[in-house]
Amino acid sequence: MSFPLLTATAALPAIGAVATAAVPAARRTAAKWLALLFSLATLGLAGIALARFEPGGDRFQLTESHAWIKDFGVRYELGVDGIGVALMALTALLIPFVILAGWHDADPLETNSSRWRPTQGFFALILMVEAMVILSFEATDVFLFYILFEAMLIPMYFLIGGFGDRAHTGSDENAAAQRSYAAVKFLLYNLVGGLIMLAAVIGLYVVAGSFSLSEIAEARANGTFSMATGTERWLFLGFFFAFAVKAPLWPLHTWLPNAMGEATAPVAVLITAVVDKVGTFAMLRFCLQLFPEASKWATPVILVLALISIVYGALLAVGQRDIKRLIAYASISHFGFIILGIFAMTSQGQSGATLYMVNHGISTAALMLVAGFLISRRGSRLIADYGGVQKVAPVLAGTFLIGGLATLSLPGLAPFVSEFLVLVGAFAAYPAVGIIATTGIVLAAIYVLVLYQRTMTGPVKAEVQGMADLKARELVVVVPLIALLLFLGVYPKPLTDIVNPAVQHTMSDVQKKDPQPEVEAAK
C-alpha cells in the first residue's frame with residue numbers, strides 16, 4: 001500500500017495542534033517552537049506532493065479512497081488536481097509565516113499567569129485550521145468536503161473572538177464587545193451558508209446516489225446519470241450561496257471587514273489568504289464540475305455581482321480610515337476579480353483566477369503582516385495616527401510599499417500576471433464586463449498610494465519618532481514573501497504549468513471553448 005501522502009499532509013498539523021495544546025502552561029516558548037516545527041514539516045510534505053504531481057497526468061492524483069459511512073455512501077476520498085495542489089502548497093507555505101508573525105500576539109498580559117494558556121491555544125488553533133483547509137483542498141467526496149467546510153469555522157471563531165487585536169482606542173470592554181460581535185457575525189454568516197449547502201448536498205445524493213466526484217463524473221460520461229434542469233439549478237444555487245459567503249462576494253461580504261479588523265494581523269491573513277480561498281476553489285471544483293449547465297445559466301448574474309464586488313470594495317477601501325479594514329475591502333475587490341475570472345468561462349480567465357488565488361494569498365500576507373508590525377509599534381490602526389514612518393523605519397516602509405504595489409498589481413510583481421489574465425479572459429467573452437472591471441485597477445492605485453503617502457511620508461509625527469525598524473524575526477517573515485512576489489511576477493511558468501491542465505478539464509466540464517478572435521478579412 002502506497003504512503004498516504006495527502007492524509008499525512010493534513011494529519012501532521014492536526015497532530016501538531018494537539019501536541020501544542022498539551023504543552024504545560026509555563027512553557028509558552030516551547031509551544032511556539034513546537035507549532036513552528038510542525039508547520040515546517042507540513043510544508044515539507046506539501047512540497048513533496050507538489051513535486052510528485054504530474055501536470056500532464058491524470059486529473060486527480062495521489063488519490064486515496066476508503067469506506068467511511070457505508071450506509072450513506074460516504075467515502076474518505078482524496079485527490080488533487082493542479083488547482084488543489086497549488087492551493088494546498090500555498091496554505092502550507094503561509095502558515096509558518098503566520099506563526100512567526102504572531103509570535104507574541106497571544107502572550108498573556110500578566111507575565112506571571114500560569115492558569116490560562118492563551119499562547120498554546122492560539123497556535124494550536126492555527127494548526128487546526130491549517131489541517132482542515134488542506135484536507136478541504138484534497139477532498140473529492142462532497143460530504144467529506146462539507147464536514148471540513150463547516151468544521152473550520154470553529155477554530156476560526158475562537159481565533160477572532162478570543163485573540164483579537166490589542167490596538168484599540170476605546171476601553172477594554174468595548175474592544176471585547178467588538179471582537180465578540182465580529183466573531184459571531186463571521187460564524188452566523190458562514191453557518192447559514194453551510195446549512196443551505198447541506199440541503200443541496202443531500203439533494204445531490206438523492207438524485208446522483210453518490211457523493212463521489214469521480215463516480216458522478218463517470219456516471220455522467222456513461223450516460224447513466226443526468227439531472228433535470230430545474231433540479232440542477234436549485235442544487236447549484238445551494239452550493240454557490242455557501243461558497244459566495246466564504247469567498248466573500250457582494251452582498252454577502254459584510255462579515256469580512258469586521259473579522260479582519262478585530263483579529264490579529266496573522267489571523268487576518270489566515271482569514272483572507274487561506275480560509276476564504278476555499279470558497280473560490282469550491283466554485284471551480286464543485287459548482288462547475290457538478291452543475292455545468294446551471295453554472296452557465298447563472299453566469300450573467302454572477303458576473304454582475306463580481307463587478308459590484310470589484311468596484312464597491314475598491315471604493316470603500318479608498319474611504320477607509322482604518323489600515324486593516326482598508327486591506328479587507330481591497331480583498332473584497334480582489335475576490336471579485338477571482339470570481340470574474342472563474343465565470344468568464346475562458347481558459348485565460350480561469351487560469352488567471354487560480355493564479356490570483358495564489359498570488360493574492362502571498363501579496364495580502366506580505367501587506368497585512370507588515371501592517372501588523374506597524375500597528376503593534378504604534379498601538380493604533382488609524383491611518384491618521386501615522387506620518388513620516390519611512391524616515392525612522394525605512395525597511396518597514398519599503399516592505400510596506402512593495403506589499404502595497406503588489407496589491408495594486410504593479411507589472412513585475414506576481415498579482416499583475418493574474419489580473420492581466422483575468423481581464424484578457426473577461427474581454428474575450430464579455431468586452432463590456434472587462435471594461436468595467438478595469439476601474440478596479442485605477443481605484444487600487446488610489447487606495448494603496450494614498451495609504452502609503454499618509455502613513456509613510458511627510459513630517460514625522462511625535463508618536464512615531466522613536467519607532468523601531470523591522471527586527472530579524474520580522475524580516476524572516478517578510479523577505480521570503482517579497483522574493484516570491486518578485487519571482488512569480490517575472491517567471492510564473494512553474495505555476496501556470498501546474499494549473500493549466502486542470503483549467504482545461506474544467507472548461508471541458510462546462511463544454512466551453514475560448515472565443516476565437518475576430519480577424520478582419522484582407523481587402
Side-chain angles (χ1 to χ4, degrees), residues 1-23 29-55 57 60-64 78-103 123-139 148 152 155 266 269-270 273-275 277-278 281 357-359 361-362 365-366 369 414 472-473 475-485 487-488 494-495 497-499:
M1 184 176 180
S2 60
F3 179 71
L5 183 57
L6 296 186
T7 293
T9 306
L12 194 58
I15 296 170
V18 175
T20 301
V23 173
T29 302
K32 298 174 185 179
W33 281 106
L34 185 63
L36 180 61
L37 289 174
F38 269 99
S39 70
L40 290 172
T42 303
L43 176 58
L45 286 181
I48 294 172
L50 191 62
R52 289 183 56 186
F53 184 82
E54 299 177 6
F60 293 109
Q61 300 179 33
L62 308 175
T63 55
E64 303 173 31
L78 306 181
V80 287
D81 60 1
I83 300 169
V85 77
L87 292 174
M88 179 184 73
L90 170 71
T91 302
L93 172 71
L94 291 180
I95 296 302
F97 298 123
V98 167
I99 290 173
L100 277 173
W103 201 252
F123 293 104
L125 289 170
I126 289 175
L127 289 174
M128 189 56 68
V129 171
E130 179 184 20
M132 293 178 181
V133 171
I134 287 176
L135 202 56
S136 69
F137 290 138
E138 301 170 346
L148 298 164
M152 68 180 70
V269 170
L270 202 61
V274 176
V275 172
K277 297 299 187 301
V278 176
F281 162 80
M357 285 188 247
V358 175
N359 294 332
I362 300 170
L369 293 179
R473 172 181 59 86
L475 287 171
V476 170
V477 172
V478 176
V479 171
L481 295 175
I482 291 175
L484 271 174
L485 290 173
F487 175 76
L488 293 176
L495 193 53
D497 286 346
I498 293 172
V499 165

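The analysis underlying the following values was restricted to heavy atoms, covering all of them including side chains, and did not include hydrogens, waters or symmetry mates.
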How close do [X] and [Y] get, counting heavy atoms only, and between which atoms?
X	Y	answer
Pro13	Glu130	CB-OE1, 3.4 Å
Met152	Val275	SD-CG1, 3.9 Å
Ala14	Met128	O-CE, 4.2 Å
Phe97	Pro480	CZ-CB, 3.6 Å

How long is the span from the [atom1] atom in [X] to the [atom2] atom in [Y], to the nearest 0.5 Å?
X	Y	atom1	atom2	result
Ile95	Leu270	CD1	CG	5.0 Å
Leu78	Leu135	CG	CG	5.5 Å
Glu138	Phe60	CD	CZ	12.0 Å
Leu94	Ile362	CG	CD1	7.0 Å

*asked:* According to side chain to side chain contact (heavy atoms under 4.5 Å, CB included), who are the partners of Val98, at least two apart in sequence or on a separate chain?
replied: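 Per chain and number, Val98 pairs via side chain to side chain contact (heavy atoms under 4.5 Å, CB included) with Ile126, Pro266, Val269.
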
* To do: Not counting sequence neighbours, which residues clear side chain to side chain contact (heavy atoms under 4.5 Å, CB included) with Ala31? List them please.
  =>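 Ala31 satisfies side chain to side chain contact (heavy atoms under 4.5 Å, CB included) with Thr20, Val23, Gln120 only.
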
Listed partners of Gln61 passing side-chain hydrogen bond (donor to acceptor under 3.5 Å, both in side chains), at least two apart: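 So Gln61 forms no side-chain hydrogen bond (donor to acceptor under 3.5 Å, both in side chains) with any residue.
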
- Sequence-distant partners of Thr29, side-chain hydrogen bond (donor to acceptor under 3.5 Å, both in side chains), two or more places apart: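 Once residues adjacent in sequence are excluded, Thr29 has no partner under the side-chain hydrogen bond (donor to acceptor under 3.5 Å, both in side chains) criterion.
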
Could you check whether any side-chain heavy atom of [X] comes within less than 4.5 Å of a side-chain heavy atom of [Y], counting everything from C-beta outward?
X	Y	result
Leu90	Met357	no
Leu93	Leu484	yes
Ile83	Leu87	yes
Leu481	Leu369	yes

Option among Leu148, Thr9, Val274, Leu6 that satisfies the side-chain contact (heavy atoms from CB on, under 4.5 Å) test with Ile134:
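The single option meeting the side-chain contact (heavy atoms from CB on, under 4.5 Å) with Ile134 is Thr9.
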
- What residues form a ring pair (Phe, Tyr, Trp, His ring centres under 6.0 Å) with Phe137, not counting sequence neighbours?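 Phe137: ring pair (Phe, Tyr, Trp, His ring centres under 6.0 Å) contacts with Phe281.
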
With sequence neighbours left out, what residues match Lys32 under salt bridge (Lys or Arg N to Asp or Glu O under 4.0 Å)?
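Lys32 satisfies salt bridge (Lys or Arg N to Asp or Glu O under 4.0 Å) with Asp107 only.
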
What side chain to side chain donor-acceptor pair (under 3.5 Å) pairs are there with at least one residue in residues 79-103, not counting sequence neighbours?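 Those involving residues 79-103 are Asp81-Arg285.
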
Table please: side-chain donor-acceptor pairs of residues 37-53 below 3.5 Å, with sequence neighbours left out.
residue : atom : partner : partner atom : Å
Ser39   : OG   : Leu36   : O            : 2.7
Thr42   : OG1  : Phe38   : O            : 2.8

